[in-house]
Protein chains: 2
Amino acid sequence: MDQNKIPQATAKRLPLYYRFLNNLQMQGKTRVSSKELSDAVKVDSATIRRDFSYFGALGKKGYGYNVEYLLGFFRKTLDQDEITDVALIGVGNLGTAFLHYNFMKNNNTKIKIAFDADDNKVGQTIGGVPIYHINELEERLDDVKVAILTIPAMEADRVTERLVAQGIKGILNFTPARITVPDDIRVHHIDLAVELQALVYFLKHYPLEKTELYSE
Amino acid sequence: MDQNKIPQATAKRLPLYYRFLNNLQMQGKTRVSSKELSDAVKVDSATIRRDFSYFGALGKKGYGYNVEYLLGFFRKTLDQDEITDVALIGVGNLGTAFLHYNFMKNNNTKIKIAFDADDNKVGQTIGGVPIYHINELEERLDDVKVAILTIPAMEADRVTERLVAQGIKGILNFTPARITVPDDIRVHHIDLAVELQALVYFLKHYPLEKTELYSE
DNA sequence: AAGGTAGTGTGAGTGTTTTCACAATTTTGC
DNA sequence: GCAAAATTGTGAAAACACTCACACTACCTT
């Protein structure tokens, strides 16, 4: 679509850059170097410069980057202007955490509607988002194209089928289940148990070394 | 420490494999091919074979892998026998979700203790885990080496310093803040807003194509 | 206005991860 | 017991990602 040239690894870092640039601007900073940004987001400064360079020459040699300009550029690139509506499926603890998270603050996304199977939750509004019964998914989903899945693993496949049938294009799946979807639908898996276990594995098998000298 | 030969990308997939092998065993399956496993975990079958091959020849040509044997092997490799204690810092919605998650089921990790700043939560027990006041961190943390950070971003740096001072070695950070730690401490960041925004970005800029033919 | 300093943008090199594709081997069915 | 089918394990290639190191340029200071 666009220029498919930018690497996926870069694309994943863009939202991160964007948020930190926002912070800088709110702090009143007008310029920033790749080195400073590197300290803040914990990404190598050469990587940051390379990432930015895919979009052209955004900085100035000997000066760094103008925060305002960079931010404006990213706003356009990340489509911060047009808001993407999102549906939340499953209002448990994890789902509720999402509803309280103010994505609008730095983001182009807004949770517009939530669904749950529990009648006690249906009818409530959390964080300004109305909760409907999951049975009403088909009538209520409208043209929302992105869903966050925070339901029990057992339900994942069934609900996914229904979401796909309604024309969902992207799913952020917090379920341990690896859901099956048609090729043209994008699923990102975030598996909390796997993340925790991977961290533990790395701790045991890939010990980090303390750099006594210049540990900047 | 061990054989540092296995790639990190492989290491991250091990917990996933492990869980699905467990599922298979519970379903009573005794053998499995890389192809079947691929369908289940959505990882290319060649990648799975390569991953397994780092540990030696675990399968049999023309047959596949013996579920029981593979599972036993992974149990040892992933240290499923010895349990790793974990501390949870911040019992909000996200933190509570973790407390209800039964990590012990397929995992080698157990949340042993939780902390929060809210006096209403202190003293409670959720999912069998006692909640103490964050002020008691130093006295209560004992020799726990892994922490899950689910607190407001504002607090992240301060609490991280205290955790590090107590000898924490690994942090699973759900805070939007990129925390600073000494070199020998491992931090994995999971940034929910970034994940959501990245998904939206990919949807718009990296459209997937529907394979009409043989979309197996 | 000139020299010093800071800091970009990038060519080239290195490292990591995935994928292809096939010989080797075992199982399965006849 | 043999041929066909299944499926591994891996060499080699490709794809992807990161980092070094430095020429170049813009800013800053005096």
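For the numbers below, each heavy atom of this structure counts, side chains included, while hydrogens, waters and symmetry mates do not. Reminder, nothing fancy here: chain letters follow the sequence lines and each chain counts from 1.
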Strictly under 3.5 Å: I want the nitrogen or oxygen pairs between protein and nucleotides 13-15 of chain C, one per line.
none

From Leu99(A), Ile89(A), Ile171(A), Ile111(A), residue fulfilling side-chain contact (heavy atoms from CB on, under 4.5 Å) relative to Ile148(A):
Ile111(A)
Test side-chain contact (heavy atoms from CB on, under 4.5 Å), reference Phe115(B), set Leu141(B), Val91(B), Leu88(B), output is Leu141(B)
Mind listing the residues from residues 42-53 of chain A sitting with a heavy atom below 4.0 Å of DNA chain C? Number order is fine.
Arg49(A), Arg50(A), Ser53(A)
Name the nucleic acid region contacted by Thr10(B), choosing base, sugar-phosphate or nothing; use a 4.0 angstrom heavy-atom cut-off, strictly under.
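Contact class for Thr10(B): none.
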Can you tell me which residue among Tyr69(B), Phe74(B), Phe73(B) is in a ring pair (Phe, Tyr, Trp, His ring centres under 6.0 Å) with Phe52(B)?
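So the option named by the test is Phe74(B).
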Side-chain donor/acceptor pairs under 3.5 Å, residues 186-193 of chain B, sequence neighbours excluded:
{"from": "Arg186(B)", "atom 1": "NH2", "to": "Tyr206(A)", "atom 2": "O", "distance (Å)": "3.2"}
{"from": "His189(B)", "atom 1": "ND1", "to": "Asn173(B)", "atom 2": "ND2", "distance (Å)": "3.1"}
{"from": "Asp191(B)", "atom 1": "OD1", "to": "Arg19(A)", "atom 2": "NH1", "distance (Å)": "3.2"}
{"from": "Asp191(B)", "atom 1": "OD1", "to": "Ala193(B)", "atom 2": "N", "distance (Å)": "3.4"}
{"from": "Asp191(B)", "atom 1": "OD1", "to": "Val194(B)", "atom 2": "N", "distance (Å)": "3.3"}
{"from": "Asp191(B)", "atom 1": "OD2", "to": "Arg19(A)", "atom 2": "NH1", "distance (Å)": "3.3"}
{"from": "Asp191(B)", "atom 1": "OD2", "to": "Arg19(A)", "atom 2": "NH2", "distance (Å)": "2.3"}

Between Gly62(A) and Gly59(B), which residue's closest nucleotide on DNA chain D lies nearer the 5′ terminus?
Gly59(B)
Just how far, in rounded Å, is [atom2] of [N] from [atom1] of [X]?
X        : N       : atom1 : atom2 : result
Ile6(A)  : dC16(D) : CD1   : C1'   : 14 Å
Leu70(B) : dT7(D)  : CG    : P     : 15 Å
Asp39(B) : dT7(D)  : CG    : C1'   : 14 Å

Closest listed nucleotide, where the reference is the side chain of [X] and the choices are [options]:
X        : options                   : result
Lys61(B) : dG9(D), dG9(C), dT18(C)   : dG9(D)
Lys60(B) : dG9(C), dT27(C), dA24(C)  : dT27(C)
Ala9(A)  : dT17(C), dC18(D), dT27(C) : dC18(D)

Reckon [X] has a side-chain N or O less than 4.0 Å from the OP1 or OP2 of [N]?
X        : N       : answer
Ser34(B) : dT8(D)  : yes
Arg31(A) : dA26(D) : no
Tyr65(A) : dA6(C)  : no

Quick check: does any side chain N or O of Thr150(B) sit under 3.5 Å from a backbone N or O of Gly90(B), one acting as donor and the other as acceptor?
yes
side-chain hydrogen bond (donor to acceptor under 3.5 Å, both in side chains) between Thr10(B) and Asp51(B): does it pass, once the steps are laid out?
CA-CA 6 Å; Thr10(B) 296; Asp51(B) 283 347; 2.6 Å; yes
Would Arg31(A) count as a cation-pi partner of Tyr63(A), with NZ or CZ less than 6.0 Å from the six-membered ring centre and within 45° of the ring normal?
yes
With a 6.0 Å cut-off on the ring centroids, do Tyr17(A) and Tyr65(A) count as close?
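No, ring centres 6.0 Å or more apart.
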